[in-house]
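Worksheet for the structure shown next.
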Protein chains: 4
Amino acid sequence: MTFEFSGPEPLYAQLADELQRRIEAGVYPVGQRIPSEAEIREEFGVGRTTTRAAVEILRGKGRVVTAKGRGTYVIAPSPAE
Amino acid sequence: MTFEFSGPEPLYAQLADELQRRIEAGVYPVGQRIPSEAEIREEFGVGRTTTRAAVEILRGKGRVVTAKGRGTYVIAPSPAE
Amino acid sequence: MTFEFSGPEPLYAQLADELQRRIEAGVYPVGQRIPSEAEIREEFGVGRTTTRAAVEILRGKGRVVTAKGRGTYVIAPSPAE
Amino acid sequence: MTFEFSGPEPLYAQLADELQRRIEAGVYPVGQRIPSEAEIREEFGVGRTTTRAAVEILRGKGRVVTAKGRGTYVIAPSPAE
DNA sequence: GTGGTCTAGACCACC
DNA sequence: GTGGTCTAGACCACT
């Protein structure tokens with residue numbers, strides 16, 4: 001993996017950016033699940049709070065929806081507007 | 001079928017509500033069997049645990065009784081008094 | 001799939017033979033899970049009793065071990081003897 | 001560690017037995033915290049549900065009390081009398 | 001970073 | 001072929 005944290009931006013924001021980049025790139029395809037919180041934590045070496053804050057940003061942007069007990073899924077940017 | 005899961009309420013609770021609605025509406029008549037857990041799973045697209053949790057709620061409310069190997073039956077609100 | 005039931009041998013015995021063939025052929029590798037009862041039922045179009053009887057034969061032959069809630073796994077023929 | 005799961009007893013029951021054995025042996029001393037659920041999962045290689053079911057048994061037996069966000073603690077067999 | 005809740009799906013006992 | 005039990009693992013609330 002080539003991603004590295006850097007600069008003054010908060011970790012959770014950098015992480016959110018990286019996750020969104022992967023969504024745009026199709027690494028996490030629309031309709032599919034993104035890695036679980038535990039997997040994200042392991043891959044990026046971050047804590048749970050950071051992970052959740054990053055995912056929360058994507059949720060706020062409408063890029064993912066989260067289903068308790070099942071996972072967080074990528075959705076289309078703005079289906080009908 | 002017009003039912004859809006939505007909102008933050010757990011799936012099993014929404015499913016229990018829907019099943020109860022059908023009992024009140026007579027879709028599942030008193031004295032009759034409600035669909036098997038396998039049929040509920042298929043119709044609503046949920047897992048076994050969710051199905052059982054929903055039926056368990058109706059059991060707790062005294063709206064159904066379940067007989068191992070035979071099925072789950074609708075009973076009257078105040079059975080015998 | 002090319003498998004077909006035929007002849008006077010009981011279904012569950014034919015099914016056990018086919019499953020064992022697949023184990024020998026490495027279709028179900030040692031240490032891996034064989035298909036679930038539901039998957040076997042669907043693929044071969046048989047009932048649960050037939051499925052369970054077939055798997056029970058493999059268990060008796062020591063070709064698989066079954067772990068409740070997790071699945072049935074292929075084990076080595078006779079590790080130490 | 002020498003502990004191994006074996007036999008037909010459910011994993012969670014075997015795990016509860018092992019944990020209780022360690023409490024009796026003083027490995028987990030009275031008044032101290034037992035390993036977190038994550039640590040138990042890692043050591044015994046089981047899932048979250050199995051871990052929680054095992055600890056729940058000890059809770060039911062009154063051998064431990066659990067404090068949300070802090071951990072699970074060993075208490076004396078007859079706490080205060 | 002802990003325990004809490006919820007979901008999916010495996011095999012089992014019984015009718 | 002029904003409901004019963006057990007296991008794994010997801011996200012959540014809180015310390």
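Residue numbers begin at 1 in each chain, while the letters A, B, ... track the order of the sequences. For clarity, every value in this text was computed on a predicted model and none was experimentally measured. Heavy-atom basis, side chains included; hydrogens, waters and symmetry copies ignored.
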Under the rule for side chain to side chain contact (heavy atoms under 4.5 Å, CB included), what residues qualify as partners of C/E39, not counting sequence neighbours?
C/R33, C/P35, C/S36
List in chain and number order the residues that pass side chain to side chain contact (heavy atoms under 4.5 Å, CB included) with C/P10, two or more places apart in sequence or in another chain; answer none if no residue qualifies.
C/Y12, C/A13
Considering residues at least two apart in sequence or located in another chain, which fulfil the side chain to side chain contact (heavy atoms under 4.5 Å, CB included) criterion with C/E42?
none
Shared ILVMFWY cluster between D/L58 and D/V27, side chains joined below 4.5 angstrom?
yes
Protein-to-nucleotide contact annotation, 5' to 3' order, nucleotides 8-15 of chain F [B base; S sugar-phosphate only; - none; under 4.0 Å, heavy atom]
BBBSB-SS
According to salt bridge (Lys or Arg N to Asp or Glu O under 4.0 Å), does anything in residues 60-76 of chain D pair up with another residue at least two apart or in another chain? List the pairs.
D/E24-D/R63
Whole Å only: how far is the CD atom of B/E9 from the C1' atom of E/dT7?
15 Å
With C/E56 via side chain to side chain contact (heavy atoms under 4.5 Å, CB included) - residues at least two apart:
C/R59
Could you give the side-chain donor-acceptor pairs of residues 46-55 of chain B under 3.5 Å, partners two or more places apart or in another chain?
unit_1: B/R48; atom_1: NE; unit_2: B/E37; atom_2: OE1; d: 2.6
unit_1: B/R48; atom_1: NH2; unit_2: B/E37; atom_2: OE1; d: 2.6
unit_1: B/T51; atom_1: OG1; unit_2: B/G47; atom_2: O; d: 2.9
unit_1: B/R52; atom_1: NH1; unit_2: B/E37; atom_2: OE2; d: 2.9

Spacing between D/E56 atom CD and E/dG4 atom P, to the nearest angstrom:
9 Å
For DNA chain E, which ranges pair as stems of 3 or more consecutive Watson-Crick or G-U pairs, with both donor-acceptor distances under 3.5 Å?
E:1-14 with F:1-14
Quick one: ring-ring contact (aromatic ring centres under 6.0 Å, His included) partners of B/F5, sequence neighbours excluded?
B/F3
